[in-house]
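All of these numbers come straight from a predicted model, not from anything done at the bench. If you read the sequence from its start, that first residue is 1, and numbering goes on from there.
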Amino acid sequence: MSISLRKDGGVMAKGQQRRIADVLDARILLELIREPRATIAGLAHRLQVARNTAQARLGRLESEGLHPFGHRVDTTGLGYPIRAHVLANLKQSRLDEVGEALSRIPEVLEVIGVSGTADTLIQIVARDTDDLYRVAGQILGTPGVKRTRTLVSMKQMVQYRVTPLLQRTIENG
């Protein structure tokens, strides 16, 4: 993939509409991970940039889908202590229909199209093993789903994180 530099210092991958985060973007995101309730004025002061610059960058990051929050809600606290991933093989002509149907199942947290032995990787949560059985059955019963394989998460070995990527962006910037 080729890349090109933009006038504002950001990098745009060829064929993409989304601008790749630059050093200032990474510094803003890191600061928000450290202090999620930081004010625009506080961010500007700590990063030594103008308040308007910080506000404009934060607005652009939010509009481009780079949400400045590195935390996720722990579903255990919501009563869903079991986490699993379902590999599903789909009828290719029904991909969008299956995605739409899966989005209506509250326990489905995320659906990713993948290559390999399955077509999708579906992250789900459940209250207990009976609930897991019910949710997995609901996925398998979705029109367009041909076959599933459920993998129960036993232990999260690395928490979701973006800090190392942001630090690399700053170091290489």
Side-chain angles (χ1 to χ4, degrees), residues 1-88 95 99 102-103 105-126 132 149-173:
M1 176 187 302
S2 66
I3 59 172
S4 60
L5 293 176
R6 292 170 46 123
K7 290 180 184 177
D8 62 4
V11 179
M12 177 76 78
K14 188 173 185 175
Q16 288 186 339
Q17 299 299 320
R18 181 178 286 181
R19 198 178 75 59
I20 296 174
D22 64 14
V23 173
L24 180 56
D25 295 334
R27 290 177 59 214
I28 289 170
L29 292 168
L30 268 177
E31 193 60 39
L32 287 169
I33 289 169
R34 286 187 200 116
E35 184 57 50
R37 295 181 181 181
T39 64
I40 298 292
L43 274 175
H45 176 74
R46 281 192 294 284
L47 298 172
Q48 299 180 332
V49 298
R51 184 186 165 291
N52 287 342
T53 300
Q55 186 167 7
R57 285 296 186 105
L58 187 56
R60 194 189 70 234
L61 289 169
E62 288 174 345
S63 72
E64 291 177 352
L66 285 172
H67 301 289
F69 305 104
H71 61 276
R72 293 184 174 192
V73 174
D74 181 1
T75 57
T76 300
L78 299 175
Y80 295 87
I82 296 176
R83 180 178 303 270
H85 290 85
V86 177
L87 296 169
L95 294 176
L102 294 175
S103 74
I105 301 172
E107 295 85 359
V108 171
L109 301 182
E110 184 176 40
V111 180
I112 300 171
V114 297
S115 64
T117 59
D119 299 310
T120 58
L121 175 65
I122 307 162
Q123 185 178 175
I124 63 173
V125 292
L132 176 62
R149 185 171 145 208
T150 303
L151 309 167
V152 178
S153 298
M154 303 299 285
K155 177 182 178 181
Q156 185 171 18
M157 298 171 65
V158 177
Q159 296 285 330
Y160 176 83
R161 65 206 180 117
V162 295
T163 302
L165 298 174
L166 294 169
Q167 290 169 333
R168 179 185 287 165
T169 299
I170 292 169
E171 291 166 6
N172 294 339

Testing the basics here: between [X] and [Y], what is the closest heavy-atom pair and its distance to 0.1 Å?
X	Y	answer
Leu32	Ala38	CD2-CB, 4.3 Å
Leu43	Glu31	CD2-CG, 3.4 Å
Leu102	Val108	O-CB, 3.6 Å
Ile170	Ala26	CG1-CB, 3.7 Å
Ala54	Ala44	CB-CB, 4.0 Å

If I take atom [atom1] from residue [X] and atom [atom2] from residue [Y], how far apart are they, to the nearest 0.5 angstrom?
X	Y	atom1	atom2	result
Asp25	Leu58	CG	CG	10.0 Å
Thr169	Leu24	OG1	CG	12.0 Å
Gln123	Leu109	CD	CG	5.0 Å
Ile124	Ile105	CD1	CD1	8.5 Å
Glu107	Leu132	CD	CG	10.0 Å
Ile122	Leu151	CD1	CG	11.0 Å

Does a salt bridge link Glu171 with Arg168, judged by any charged N lying under 4.0 Å from a carboxylate O?
->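 A salt bridge is absent here (no side-chain N lies under 4.0 Å from a carboxylate O).
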
Would you call [X] and [Y] a side-chain contact if the rule is heavy atoms closer than 4.5 Å?
X	Y	value
Leu87	Leu121	yes
Arg37	Glu35	yes
Ile33	Leu166	yes
Gln156	Arg83	no

Backbone of Tyr80 reached by a side-chain donor or acceptor of Thr75 within 3.5 Å = yes

For the side chain of Arg57 and the backbone of Ile28, is there at least one donor-acceptor N/O pair under 3.5 Å apart?
-> no

Please assess Leu29 against Val162 for the test side-chain contact (heavy atoms from CB on, under 4.5 Å), listing each intermediate value before the final yes or no.
-> CA-CA 9 Å; Leu29 292 168; Val162 295; over 6 Å; no

